[in-house]
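Accompanying notes for the structure given below.
Naming convention: chains lettered A, B, ... in sequence-line order (proteins, then strands); numbering from 1 in each chain.
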Number of protein chains: 2
Amino acid sequence: MNINPVSILKEHDLKHTKQRVRVLEEIALDSVAISQPDLEKKLGKEIDRVTLYRILNTYQEKGILHRIMDMNGTANYAVCTSSCSEDHHHDEHVHFNCTNCNKIYCLEVEAPRIKMPKGFTAKTVSSIAYGICEKCNAI
Amino acid sequence: MNINPVSILKEHDLKHTKQRVRVLEEIALDSVAISQPDLEKKLGKEIDRVTLYRILNTYQEKGILHRIMDMNGTANYAVCTSSCSEDHHHDEHVHFNCTNCNKIYCLEVEAPRIKMPKGFTAKTVSSIAYGICEKCNAI
DNA sequence: TAGTATATGCAATTAAATTGCATATACTAT
DNA sequence: ATAGTATATGCAATTTAATTGCATATACTA
């Protein structure tokens, strides 16, 4: 993922701190979403646990990160595409959660439009496919 | 929801206990999924917390209940349609999570088939639409 | 560069989930 | 019916996750 943490922070009126930059860098390393526990393991010595929580919440609210819940209710984070904003997350693509390695992929597949019943108004739709990923299938 | 807890238990080779029956009854009361915290509040005095965890896990594994994770990673439970089984959850319908009242509805809408990229094999797909529900829209 | 607002880290608390074990309960075969 | 066996339940204790309050440190503004 090719992002510039500093300019992302500026765009969203967030103060430039080394912890915030570090978190964004770490998450952007991989196109695969990273789980909160894994992030903690990687950053645990550099960034306080509580700070990490707060940074992740801020990023999610600002539309900088997607939060994808896996089957166990664990939060996973990935960098949003540039079109996301505070009031509208454009994460209408499909996520894929491998039931073997538990990785979450952002597929380049548009989430299909779903017709809502009368009275219901949908703002966003999250589709998660569960199965076996590329790598695990190859083994 | 019109179910018979006793026969459901039999079908799945589960022992008939009053706790298991009670849990099924409670969840089947409403077509809307119920959250684990709400279940605990309702059953807390009748059923031990740990037992509830275990019953819910068993039901989910056996395909008796759907587990739907909401935005906060909280588990919500609803009765599966009769076509669910241990090896294949047929919950390919869309869920709707109201961002106002936080209720989760099982919509009578089939989840659309999604084409997977090469190498990925999907077993189930879960689609959750977020927005405002019927009731909250009416207010 | 001083002043101010906000982010961070630490300590403490609260809440959620898991484990082990003794007892109680449901089912099986007699 | 009943004894025996397997499994479910409830309790206590533990582990893990998440939240809150507050003092200090850091980034931005004028």
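Candidate nucleotides C/dT8, C/dA17, D/dC11 were compared by shortest atom distance to the side chain of B/Asp48, and D/dC11 ranks first. Listed nucleotides: D/dT9, C/dT18, C/dG9. Nearest to the side chain of B/Val50: C/dT18. When distances are taken from the side chain of B/Arg54 to each of C/dG20, D/dA17, D/dG21, the shortest belongs to C/dG20. Counting only heavy atoms from C-beta on, A/His16 has its side chain closest to D/dA27 among C/dT18, D/dT9, D/dA27.
A/Thr99 places a side-chain N or O within 3.5 Å of a backbone atom of A/Gly131 that can act as its donor or acceptor partner.
Each of A/Met69 and B/Tyr77 belongs to its own hydrophobic cluster when Ile, Leu, Val, Met, Phe, Trp and Tyr are linked at side-chain heavy-atom distances under 4.5 angstrom.
Both B/Glu46 and B/Lys15 lie near DNA chain D, and the one whose nearest nucleotide falls closer to the 5' end is B/Lys15.
B/Thr51 comes within 4.0 angstrom of a nucleotide base, judged by non-hydrogen atoms across all strands. Using a 4.0 Å heavy-atom cutoff across all strands shown, A/Arg20 reaches sugar-phosphate atoms only and no base atom.
Using Watson-Crick or G-U wobble geometry with both donor-acceptor distances under 3.5 Å, C/dA12 finds its partner in D/dT19. D/dT24 and C/dA7 make up a base pair, with Watson-Crick or G-U wobble contacts both under 3.5 Å. In this structure, D/dA30 and C/dT1 make a Watson-Crick or G-U wobble pair, each of the two defining distances being under 3.5 angstrom.
Per the geometry, CD belonging to B/Gln36 stands 13 Å off C1' belonging to C/dA15, to the nearest Å. Rounded to an integer number of Å, the gap from B/Ile55 CD1 to C/dT18 P is 15 Å.
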Practice task
Please step through side chain to side chain donor-acceptor pair (under 3.5 Å) for the pair A/Ser127 and B/Ser127, ending with a clear verdict.
Solution key: CA-CA 4 Å; A/Ser127 292; B/Ser127 293; 3.1 Å; yes
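Residues B/Leu24 and B/Leu65 form a side-chain contact, since some pair of their non-hydrogen atoms from C-beta on lies under 4.5 Å apart.
Side-chain N/O atoms of A/Gln19 include none lying less than 4.0 angstrom from OP1 or OP2 on D/dT26.
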